[in-house]
Amino acid sequence: MAWTKTIRGIVVKKTTWLLLIGLLLVGIVVPGCSSGTSSLQVATDATWPPFEYVNTDTKEIEGFDIDVMKAIAEKADLDIEFVNVGWDPLLAGMAQGTYDLAISSITITEDRKKDMLFSDPYFAAGQMVVVAADNTSIKSHMDLSGVVGAQIGTTGAFEIEKIDAAELKTYDDIGLAVQDLMNGQIVAVVCDNPVALDYVKVNAGKVKTVGEAFTDEFYGIAAAKGNEAVVAKINTAIAALEAEGKFAEISKKWLE
Ligand code: ARG
């Protein structure tokens with residue numbers, strides 16, 4: 001049975017009533033969108049300290065990349081909102097246009113450029129090998145043999161695949177690979193050098209890095225295709241922040 005309500009003596013049917021509420025909602029929501037207040041969704045996989053990780057005390061996402069993105073947003077006058085997603089869904093989501101932008105220590109590669117746009121580089125990194133502190137047989141990536149861990153779909157995993165003697169074990173979270181290394185489940189971990197150095201710092205006496213960074217990679221901010229105008233703004237901001245010494249300041253905060 002359709003109910004009715006009486007307003008000032010006028011009987012309003014349920015359908016009419018719902019229609020009125022609907023119109024009211026449209027009146028509130030639509031101007032909010034059209035005035036450009038909706039923010040850009042910036043995806044990040046916050047499992048990669050010290051570049052992006054969740055602070056266990058504050059539960060906030062923080063790190064080098066988060067500071068970089070906030071500085072760029074301020075300089076370029078962009079309204080942003082971070083979305084914490086896994087690495088695999090992040091890359092897939094960028095290719096599908098699910099997110100506007102992503103900052104996540106993403107190495108600019110020709111392959112990824114087919115699926116998404118990249119800003120100019122803002123950081124130079126390379127792959128590094130982490131082994132148990134008492135390991136004496138592995139002195140560089142060239143000595144890798146046995147089971148070696150990396151985060152799935154990362155440039156570290158791609159490097160391990162190139163080494164015949166090594167068998168790749170993939171993880172969704174590099175922290176779990178480091179745990180397996182410390183438990184003796186795997187012989188080494190390959191990841192970006194700042195991340196390798198951070199795990200060694202946190203687990204001093206248990207793990208160590210061997211050799212130098214053995215690849216040359218550059219991190220860029222990814223944007224979904226079609227966002228060329230935003231990328232142009234980001235590039236202008238990156239150049240300005242570089243000139244102002246902002247990157248040096250952020251590096252000092254997170255990498256020293
Ligand atoms: N630089 C590497 C790559 O692009 C690893 C990045 C992983 N980042 C992350 N937040 N998990 O493949």
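Start at 1 and go down the list; that is how both ligands and their atoms are numbered.
Listed by chain and number, the hydrophobic cluster partners of Ile160 are Val129, Val131, Ile138, Leu144, Val148, Ile163, Leu168, Val187, Val190, Val210, Phe214, where partners are ILVMFWY side chains within reach of under 4.5 Å, directly or through others.
For atom 4 (O) of ligand 1, the candidate residues are Glu52, Glu217, Arg112; the nearest heavy-atom contact is made by Arg112. Across Trp48, Phe123, Tyr53, heavy-atom proximity to atom 7 (C) of ligand 1 is greatest for Trp48.
If you number the atoms of ligand 1 from 1 as listed, the ones under 4.0 Å from a heavy atom of Tyr219 come out as 1 (N). Close contacts between ligand 1 and Ile106 involve ligand atoms 4 (O) [criterion: under 4.0 Å to a heavy atom]. For ligand 1, the atoms closer than 4.0 angstrom to any heavy atom of Gln151 are 7 (C), 9 (C), 11 (N).
Nearest protein heavy-atom contact of atom 10 (N) of ligand 1 is Ser104 OG, 2.8 Å. The shortest contact between atom 6 (C) of ligand 1 and any protein heavy atom is with Ser105 O, 3.2 Å.
By the criterion of a heavy-atom distance under 4.0 Å, both the backbone and the side chain of Thr107 are placed next to ligand 1.
A donor-acceptor contact under 3.5 angstrom links the side chains of Gln151 and Asp45, judged on distance only. For Glu62 and Asn55, the side-chain atoms include at least one donor-acceptor pair closer than 3.5 Å. Residues Trp87 and Asp172 bring no donor and acceptor atom of their side chains to less than 3.5 Å of each other.
Salt-bridge formation is not detected for the pair Lys252/Glu249: no Lys NZ or Arg NE/NH1/NH2 atom is positioned less than 4.0 Å from an Asp or Glu carboxylate oxygen. For the pair Lys233 and Asp77, the salt-bridge criterion is not met [side-chain N within less than 4.0 Å of a carboxylate O].
Results of the side-chain hydrogen bond (donor to acceptor under 3.5 Å, both in side chains) test with Gln127 over Glu159, His141, Glu217 single out Glu217 as the only residue that passes.
Of the polar atoms of Thr155, at least one N or O is found under 3.5 Å from an N or O of ligand 1, judged by distance alone.
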